[in-house]
Every structure is written in C-alpha cells, then in structure tokens.
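The block underneath contains the structure these notes are about, expressed in structure tokens.
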Amino acid sequence: MSPVIRNLSNAKSRLKDLYNPIAAEMGEVEAVLRGQMRSDYAFVDELVRYGCHLGGKRLRPALLLLMGKAVGELDSAHITLGAVVEMIHAATLIHDDVLDEATTRRHLATVNSRWDNEASILLGDFLFSRALCLASTLDNTYACRVIGESTSVLCEGELRQKGTRGDFGLSEDDYLSIIEAKTAELCGCSCKLGAHFAGASEATEDLMEAYGRNLGTAFQIADDVLDVVGDEAATGKSLGTDLDKQKPTLPVIRVLELVEESERERLQQALEGESELRHEILAEYLDRYDAISYAREKAAAYADRAREQLVDLPPDAPVETLRLLTDFVITRCI
Ligand code: FPP
Ligand code: MG
C-alpha cells in the first residue's frame, strides 16, 4: 500500500472511531439523507445522488449530534437537523467548485466537471431549498431562523472573498474574518443547534457555538495550508486553486508581511503569474519565512480555543470526541 493511501485510510478509520459515541444516530442521519437526496426525474435523481456521494467527512452533522449528547439527550430534531446541515454543506461545496473551477472532490469528478456549471448551480439551489424545507418540518421556527442567519453570513463571506481576489495586501485579520464567515459559521451553527435542541441554557449554547466557530476557523486554516502543500491523492480534491483564483490565504499573507521591500515585486509578479513558476518561487519564500509552520500554529491556537469552551462539560465520551476533533481538524490529510 502506498504511503498516501495508508495515510488516507488511517485518517478515515480515525474519524470512524471518533464518531463511535454517535454511530447509531449518524446511521439515522444517513437514512434521512438518502430519503431526501433523490428525485422522481431520472436526470435530477442522478445528479442529486452524485451530490450525496460528494459529502465526505460528515463533520457538521457529527458536531450537531455530539453537542446534543454532550449537553443533554438527542431526539428526532437532531437527526433531521443533522441531515439539513449536511445538505447545506454539500450545496455550498458544489457552488464553491464552480467558483474555484475545481475538477476533483472526494476523489470524484466535481459536478461542474462531470456535467457543467449550470447543473452545479441548480443542484446546489435544489439541495439548499430542500434542506430549508426539511428544517421547516420542525415544530418551531428557531432552526430555520438560525440556519437562515448563518447561511446568509456564509454567502456574504464568499462574496467578501470574491471582492478580495488579487488583493495581496489583505491583512491577516481580514482573512480571518472572511474564513470565520465562509466556514466557521456553519460549524458554529451546527453546534448551537445541537445544544439548543438538547435543552441547553442560552449561555451553554453560546459556548458551544464558540467551540464550533473556533474549530471551523482551525479547519479552514488547515485547509488553506493543504491547498498549498497538500497531496491531491490524499485530499481527493483539486489543490492550488486558491492561488489559481488569486485568493490570498494565511501562508501567503504571512510571507507578504515579512518579505523585504526589494523582493516584494518579484514575489507579487510570481503570485500573479503562471502556475509552474509561481509554485517554485512561492516555495522558496514559504520556506524562508517558515510561513507554513506559522499558519499551522495559528490553526493550533484556534483548536486550543475551541477546547477551552468545553472545560465545564462532563468528561464523557461525546465531550472527549469533541476534544479529539480539535486535533483531527488540524492534523488531517483529508
Ligand atoms: C470552501 O472553500 C467553501 C466554503 C466553506 C463555502 C462556499 C459557499 C458558497 C460558494 C456559497 C454557496 C451558498 C449556498 C447557501 C448554496 P475552499 O475553496 O477554501 O475549500 P475547498 O478546498 O474544500 O474547495
Ligand atoms: Mg474550493
């Protein structure tokens, strides 16, 4: 077995072990997803089922279920909402692959590359609206409101990112604020919903949401590091798209912060230039300024902050998993 495949299967079995305390409920979420991600129309059915395969780590439903179990008891609302957040996540990635012109995700051709952008946009819209419809089957409007607020922040984050393409003067704070919106928001929302529907107090809900936000931020920084130095065979998705699309992420922002004025122009030209040369020149600067380690340390600091939110919870299996997940998101290769 090649080292890449070995790492990949280690990461997958590590995740499966982590989900042990919620294995039965994750199975129920999968059943709801299968029931939702279908259509009576053959072409739509093929697309939707394909979209379901694109779902990968099931991190958001896992967070929602683990949070519920950590602070109280799970009920049918958790199962429904687990499917809802996963469908929303799938919709966002299908749209994201259009924006990034990505060709591979989860070791499969993206919807935009197997079909086209039109199919991707419509499929994402279909999944998103079906997810909201499913959320509206709950007894009250709370989940729909929280999900509506979070997804609008998420879209705003993506729009802000679009607005900063090619802006290599983007500050670290602005970068962090954008990734908090586009990625951490849905993780925070999943944790908040999990805690709320298990009867948590508002104060506990806020702490759990903060856990999710910090975890999500750590996740995205690690994801942005993988985009620069990861292995496509392990991640199973197109890498290098951030710079192809001129999106400044933390390793590059760090280099640009530290580079000597006399070299800034050479670097800037490389970042804006042709891919092959860019990788070569950027690698030299990343190395010189230890920018990958810097970004990894930042991700680790957010993971620590996530763990701090859990200190008052009983040290049982779901809480232990939430703790271990903070490590998983920053050390994963997938
Ligand atoms: C991944 O970014 C992208 C996101 C976390 C959010 C994408 C959201 C949208 C495109 C808005 C669509 C919204 C709805 C409600 C359908 P990335 O490119 O850094 O991650 P990757 O490496 O996994 O592609
Ligand atoms: Mg992408």
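Just so it is clear, the structure is predicted and the values come from calculations on it, not from any experiment. Numbering of ligands and ligand atoms starts at 1, following listing order.
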For atom 24 (O) of ligand 1, which protein heavy atom lies nearest, and how many Å away is it?
Arg105 NH2, 2.7 Å
Basic-acidic side-chain contact under 4.0 Å: Lys247, Asp100:
yes
Test item, Leu154 contacting ligand 1 (heavy atom, 4.0 angstrom):
yes
Using a 4.0 Å heavy-atom cut-off, which part of Leu186 comes near ligand 1: side chain, backbone, both, or neither?
neither
Mind telling me whether Trp115 and Tyr50 have parallel, tilted or perpendicular rings, with 30° and 60° as the class edges?
perpendicular
Which of the atoms in ligand 1, numbered in the order shown and given with their element, are less than 4.0 Å from a heavy-atom of Cys155?
13 (C), 15 (C)
Which segment of Asp223 sits under 4.0 Å of ligand 1 when only heavy atoms are counted
side chain
Residue, atom and distance of the protein heavy atom nearest atom 9 (C) of ligand 1 read Glu158 CG, 3.3 Å
So is His89 in contact with ligand 1, going by heavy-atom distances below 4.0 Å?
no
Please state which protein non-hydrogen atom is closest to atom 14 (C) of ligand 1 and give its distance, to 0.1 Å?
Thr92 CG2, 3.8 Å
Angle in degrees, rounded to 10°, that OD2 of Asp96 and OD2 of Asp100 form at the Mg ion (ligand 2):
110°
SB check Arg288 Glu263 (cutoff 4.0 Å)
yes
Working to the nearest 0.5 angstrom, can you tell me the gap between Asn112 CG and Asp97 CG?
5.5 Å
So, Glu257 and Arg254, do they make that salt bridge, N to O below 4.0 Å?
yes
Check ligand 1 against Thr183 and write out every atom of the ligand that is under 4.0 Å from a heavy-atom position of the residue.
5 (C)
In ligand 1, which numbered atoms sit nearer than 4.0 Å to a non-hydrogen atom of Leu99?
10 (C)
Heavy-atom nearest neighbour in the protein, as seen from atom 16 (C) of ligand 1, with distance rounded to 0.1 Å:
His95 ND1, 3.5 Å
Can Asp290 and Arg296 be counted as an ion pair, charged N to O under 4.0 angstrom?
no
Give the single entry among Asp96, Leu132, Val98 that approaches atom 3 (C) of ligand 1 most closely by any heavy atom.
Asp96
Option of least heavy-atom distance to atom 19 (O) of ligand 1 (set: Gln161, Glu156, Lys182)
Lys182
Using heavy atoms and a 4.0 Å limit, tell me yes or no: is Asp100 in contact with ligand 1?
yes
Heavy-atom side-chain proximity of Tyr211 to Leu63 below 4.5 angstrom:
yes
Proximal candidate to atom 21 (P) of ligand 1 [heavy atom criterion; set Lys247, Gln220, Lys237, Lys245]
Lys237
salt_bridge(Arg213, Glu209) N-O dist < 4.0 Å:
yes
Could you go through the side chain to side chain donor-acceptor pair (under 3.5 Å) check for Thr331 and Arg14 one step at a time?
CA-CA 11 Å; Thr331 54; Arg14 204 172 139 205; 2.9 Å; yes
Heavy-atom closest pair, residues Val29 and Gly82
CG1-C, 3.8 Å
